[in-house]
Every structure is written in C-alpha cells, then in structure tokens.
K.L.:
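I'd like to ask some things about the structure below.
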Amino acid sequence: MTRSSRPKGTQDFVPPESIKKTRIEMLFRELATVYGYQEVVTPTFEHTEVFIKSSGSASDIVQKEMYTFTDRAGRNLTLKPEGTPGVVRAVLENNLRLPCRLFYISPCFRYSRPQKGRYREFYQLGVEAIGESSPLVDAETIIFGATFFTRLGITEFTIKVNSIGCRHCRPAYREKLLTFLREKQKKLCPDCQTRMEINPMRTFDCKNTSCQLLLNDAPLPKRHLCPECTAHFEEVIDSLKSTPFNWKLDEHLVRGLDYYNRTTFEYVSGVLGAQSSLGGGGRYDYLFEEFGGPVTPAIGLAIGLERTILALPEGSPFNTASRRNLVFIVWTGPAEMAAARELLNILRQENIPALMTYEPVRVKRQFHLADIAGARFCIIVGEEELKGNLYALKDLITGEQSIVPAEKIVPTFSSLRLSSERI
RNA sequence: GUGAGUGUAGCUCAACCUGGUUAGAGCACCUGACUGUGGAUCAGGAUGUUGGGGGUUCGAAUCCCCUCACUCACCCCA
C-alpha cells in the first residue's frame, strides 16, 4: 500500500499554520470592513476568456501558468489565477450599484515551479474600490495594505510606488522606450529581447545587472506622464507623505499585469527570499470596458497569504501561542464522568471551547491528553468535588490549582467565550 | 519550461567520499516508577522495503543509470 501525497505545489495547512491562516484572514476581514469593504465570493473557476480579457493574452499568466480544462460538456474553463477579473465580471453581471468596495479571500492557481513563498495553489487577500477615481483612494488603498501588515506586527517592508500613465500618455511613451530599447537590442539579455516587443516596460523588471545598467538612461514612465496623470500622481504622493510608512518612489516598478494604469505599488520584504513581494496592486480604469461595461475607474490590491505568514516576526501576536483557549475536563469514575459531560454541555452552550475524553483512562493520561490538545485549563471532576458541589481548576501554564464553586465556573471562563455576531 | 542541491525511523540528522556482520543518535511516541495531576527526572520498549526501479559486485544506504518527490534559484509574481 503506497500512501498518496499532495500534488506538487500544493500545501496542507495543519495546526498551528492553519490557525495563523485563519487569524490573518480574520484580521483582514476586520480591517477591510473598517475601511468600508464588503465581502465578495466569486467562483473558483471562470470561463477562460475572463482571464484572457483582463490579464492580456501576452502575459505569462495566460501564456503558460493557467490551469485550463474543458468540462464534460466541452466548456473552456480556468481555475482563477488571480482575484480581480472574477470580481469585475461579478460586478457587471450582478449590476451592482457604484461606487462599491469589495474584498475577497480566495485560493488562486498558477502552474509554475514551486519555491519559497510560491505555490501552485495559494491564497490571495484582496480589496477592490470600484467606481472611485480620486487619487486619495489610491493613497488610501496603499495605506490600507500597510496598516494590515503593521497590525500583524510586520514592520520590515517597504512600499514601492510609481505611475505608469494612461491611454493618452502611454502610447507615445511606449514608442519612445521601444526606440531606445531597439538601439540597445543586441546588448540586452535574450529574455529582454523578447520581452521588449510584448511589453517594453517589463524590461525594467529584469534582474540582470547588465540590462539594468543599459536601462539606467532609459526614458522612464513617470517623466512622460500627461498633465492629468502628473497631477493625479502628485496628489497620491502628497497624501503618502504624512503617513508613518516606509515608502519610496520606484520609477522602474511597472507590475506584470497588463491592465494597470496610473498608480502601481508593491510591498516588498527582505525576509522572503527571491519572492520578495508581499503584495501589490494598482489602478485599472480600463478593465471594465474590456468586459463590455461602462467606463469605470477602479483600484485594487492583492496580498499573498503564504508570504504574509512567512514574514510574521517572532514576536507577532498572530503567531500562535503554545496553548489555546480550551478547557479540558478530567474525571475519575463513572459518576464523575456523567457530571463531567453535563459540565461539558454547559460550557459549550456558553460558547466556551471545551473538551474531555470518553475513554476510561487514568487521570494521568487525561492530563496528558489535555496537553496534546494544547488546552489552557483543566477542570477536575472527582469524588470530593462532586460531593462539595465544587470543581478543581488547574492552569496548565502556571501549574496553579484552585477550588471553584460550581456556580462560578462559567463566569470564570467568560473571557474565553467566542462570538461570530460582530462583523 | 531551465539549472543546482537533497531524499536514511513521525521529526532533525549520522553512517555514503574509501562498498563488508543484526543501519545508529537526539527529539517525539508507548510502558512503568506515580491505583487524583500534564509539561521535569530515571528505567525499559516499539519503530525503517535507506523514495521507487534497474545495473555493477561474492556483497550496495554507500558506486553507476533511469524515475519520482522535495528544496532553492532562473523565469514569473502573491
């Protein structure tokens, strides 16, 4: 019998990683809600054309990274490689009133060789502000992401910001850059030579030092913006100046997705290895038109969950504690077990996480089981306690034990109570 | 898709270069010391088709070939 293994590039989230994932998602929900976003859930797969329309048929994602398949009826479908296209499609299809702010937490799929911080199935946390054109929204979106990382205890990141122009100023700039690149074509690396014809701005992404040297005096997008784009970007920058975050203008930042225009940004961290980007985003004012919708300004942001977990510093409160808020009930005999089960029900009705064993095992073993479960407290239900209508309560971290009257037991744990009623 | 590295117990690794009895250690696990107290200590116990297949050899964890998996980097991006 050979055991099955998970497919390449996928991962199992088992405790404690699964707990970290949930808590990060909860913070994201909370913060997005605070910023006025509401959750949107779109399908895991879409008609393939949805992603081709938005990412651009020349992009690497479309060309070689999509999980595309035909279903039993011959429909051409693709597992979502990113969050934005499905959201745009859903906004149009459901005819949502604008402006609207939506957030999502979703698995995404891209076929590429896995490495540190890069998986074939990965999770994106994203927000999309749709129907808002003010540069203040751009700044707010950038600040939203930075605030999220900061609340997680992640401080070692910088924000790269740039503007890549609009449909009015970009064509002329593109020609200028292309002319520049063609002069140097022979000296560029093979990758850049093909890259420049598809999307010349992507050559700025090349890590090859000889290419970087050649590009030092290349015309930069920010210097060729039209007056409107310049004004827009200046306001974004102005708004960032008053924030405590570590941001910088990076005129080489262009981002890989074709649908961006004007403001683009990226959060980078040094602790992630080669995949240094924690997340990024930008404005996509033309994407709705690609989908046959009305002219609709929009800006969005996507954060990589796995990379966020990697970047969590040692002392972050979002790193899981060794013990969880769980009460483990220990009992000594059949009569005590019946009482223990009653107590278990009471605690659970009060939304207090509680557990016990139904196996007739010795007290020592029960304490050991409490340990394995990672429980924070043990309640001991023994002959003495039963007689006196009391419980013995042991704190498994400090080892301290005390006697609690039966009627005080629920209030004792009220701080452990869970609630799902708030968002 | 390209390149490099690594696969030995549940985990981290040793033995491999220089082939030679029953492949070891630490952690974890189980039992007991302790019939009402975990995490400490002591004593004992269990655990492997050495990733898989083939070859060389009297003999392979060790050398060679193929294959699979993982890791990192290129690429791409979250």
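Below, chain A is the first sequence line, B the second, and so on; all start at residue 1.
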K.L.:
Could you state the atom-to-atom distance from CZ of Arg362(A) to C1' of rG36(B) in whole Å?
P.N.:
11 Å
K.L.:
Ignoring hydrogens and angles, does a donor from either the side chain of Lys364(A) or the base of rG36(B) sit under 3.5 Å from an acceptor on the other?
P.N.:
no
K.L.:
May I have the distance from Glu400(A) (atom CD) to rG38(B) (atom P), rounded to whole angstrom?
P.N.:
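The answer, rounded to whole Å, is 17 Å.
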K.L.:
Tell me if the aromatic rings of Phe103(A) and Tyr35(A) count as close, with their centers under 6.0 Å from one another.
P.N.:
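Between Phe103(A) and Tyr35(A), the centre distance exceeds or equals 6.0 Å.
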K.L.:
For the pair made of CG in Asp371(A) and P in rC30(B), what is the distance, rounded to whole Å?
P.N.:
11 Å
K.L.:
Mind checking the P distance from rG5(B) to rC66(B)? Whole angstroms is fine.
P.N.:
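One P to the other, the span is 14 Å.
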K.L.:
Can you find a heavy atom in the side chain of Lys408(A) that is under 4.5 Å from one in the side chain of Tyr391(A)?
P.N.:
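Not touching, per the 4.5 Å side-chain cut-off.
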K.L.:
Quantified in whole Å, what is the C1' atom distance between nucleotide rC65(B) and nucleotide rA43(B)?
P.N.:
49 Å
K.L.:
Roughly how many Å apart are rU31(B) and rU22(B), using the P atom of each and rounding to a whole number?
P.N.:
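Taking atom P in both rU22(B) and rU31(B), they lie 33 Å apart.
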K.L.:
Hey, is CD on Glu39(A) packed in by over 12 heavy atoms from elsewhere, all under 6.0 Å?
P.N.:
yes
K.L.:
Looking at Glu289(A) and Arg167(A), does any basic side-chain N land under 4.0 Å from a carboxylate oxygen?
P.N.:
yes
K.L.:
Counting only non-hydrogen atoms, which of residues 380-389 of chain A are less than 4.0 Å from RNA chain B?
P.N.:
Ile380(A), Gly382(A), Glu383(A), Glu384(A), Glu385(A)
K.L.:
State, without any angle test, whether Glu306(A) and Gln11(A) hold a side-chain donor-acceptor pair at a distance under 3.5 Å.
P.N.:
yes
K.L.:
Between the side-chain atoms of Gln366(A) and the base atoms of rU37(B), is any donor-acceptor pair under 3.5 Å?
P.N.:
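Answer no: no donor N or O sits under 3.5 Å from an acceptor.
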K.L.:
What do you reckon, is CD of Glu383(A) surrounded by more than 12 foreign heavy atoms closer than 6.0 Å?
P.N.:
no
K.L.:
If you measure from the ring centre of Tyr123(A) to the centre of the six-membered ring in the base of rA78(B), is it under 5.5 Å, with the planes under 30° apart?
P.N.:
no
K.L.:
Using the C1' atoms only, state how far rA23(B) lies from rA14(B), rounded to an integer number of Å.
P.N.:
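rA14(B) and rA23(B) have their C1' atoms separated by 10 Å.
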K.L.:
Between rU56(B) and rC64(B), how many Å separate the two P atoms, rounded to a whole number?
P.N.:
16 Å
K.L.:
Please work out if Ile397(A) contacts a base, only the sugar-phosphate, or nothing of the nucleic acid, heavy-atom cut-off 4.0 Å.
P.N.:
base
K.L.:
Given atom CZ of Phe28(A) and atom C1' of rA78(B), what is their separation to the nearest angstrom?
P.N.:
12 Å
K.L.:
Quickly work out the Phe328(A) CZ to rG38(B) P distance and round it to whole Å.
P.N.:
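Between P of rG38(B) and CZ of Phe328(A): 14 Å.
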K.L.:
What is the distance from CZ of Phe367(A) to P of rG38(B), rounded to the nearest Å?
P.N.:
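The distance from CZ of Phe367(A) to P of rG38(B) comes to 7 Å, rounded to the nearest Å.
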K.L.:
Between Ser277(A) and Thr398(A), just flag the one whose closest nucleotide in RNA chain B comes earlier from the 5' side.
P.N.:
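Result: Thr398(A).
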K.L.:
Could you tell me whether a side-chain N or O of Thr243(A) sits under 3.5 Å from a main-chain N or O of Leu240(A), the two making a donor and an acceptor?
P.N.:
yes
K.L.:
Do Glu17(A) and Lys21(A) meet the salt-bridge criterion of a basic N to acidic O distance under 4.0 Å?
P.N.:
no
K.L.:
In whole angstrom, what separates Phe265(A)'s CZ from rC77(B)'s C1'?
P.N.:
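Interatomic distance, CZ of Phe265(A) to C1' of rC77(B): 15 Å.
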K.L.:
Which ranges of RNA chain B pair up as stems, where a stem means three or more consecutive Watson-Crick or G-U pairs with both distances under 3.5 Å?
P.N.:
B:1-7 with B:68-74, B:10-13 with B:24-27, B:29-33 with B:41-45, B:51-55 with B:63-67
K.L.:
Without decimals, in angstroms, what is the distance between Lys394(A) NZ and rU37(B) P?
P.N.:
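Distance, rounded to whole Å: 9 Å.
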K.L.:
So do the side chains of Tyr267(A) and Phe148(A) get within less than 4.5 Å of each other, counting heavy atoms only?
P.N.:
no
K.L.:
Give me the distance, rounded to whole Å, that separates rC27(B) from rC63(B) when you measure between the P atoms they each carry.
P.N.:
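Their P atoms lie roughly 30 Å apart.
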K.L.:
Applying a 4.0 Å non-hydrogen cut-off, can you work out what Arg323(A) is touching in the nucleic acid: base, sugar-phosphate, or nothing?
P.N.:
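The residue Arg323(A) makes base contact.
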K.L.:
Would you call Arg101(A)-Glu140(A) a salt bridge at under 4.0 Å N-O?
P.N.:
yes
K.L.:
Considering only the C1' atoms, how many Å lie between rU67(B) and rA28(B), rounded to the nearest integer?
P.N.:
33 Å
K.L.:
Could you please spell out the steps behind the side-chain contact (heavy atoms from CB on, under 4.5 Å) verdict for Tyr104(A) and Gln124(A)?
P.N.:
CA-CA 8 Å; Tyr104(A) 58 85; Gln124(A) 277 196 346; 3.9 Å; yes
K.L.:
Heavy atoms, side chains only, cut-off 4.5 Å: are Tyr111(A) and Arg120(A) in contact?
P.N.:
yes
K.L.:
Quick one: which of Thr68(A), Thr70(A), Thr48(A) gives a side-chain hydrogen bond (donor to acceptor under 3.5 Å, both in side chains) with Asn76(A)?
P.N.:
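One option only clears the test, and that one is Thr48(A).
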K.L.:
Taking atom P in both rA60(B) and rA4(B), what distance in whole Å separates the two?
P.N.:
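Comparing P positions in rA60(B) and rA4(B) gives a spacing of 30 Å.
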K.L.:
At under 4.0 Å between heavy atoms, which parts of nucleotides 69-76 of chain B does protein reach? Answer with one letter per nucleotide, 5' to 3': B base, S sugar-phosphate only, - none.
P.N.:
-S-SBBBB
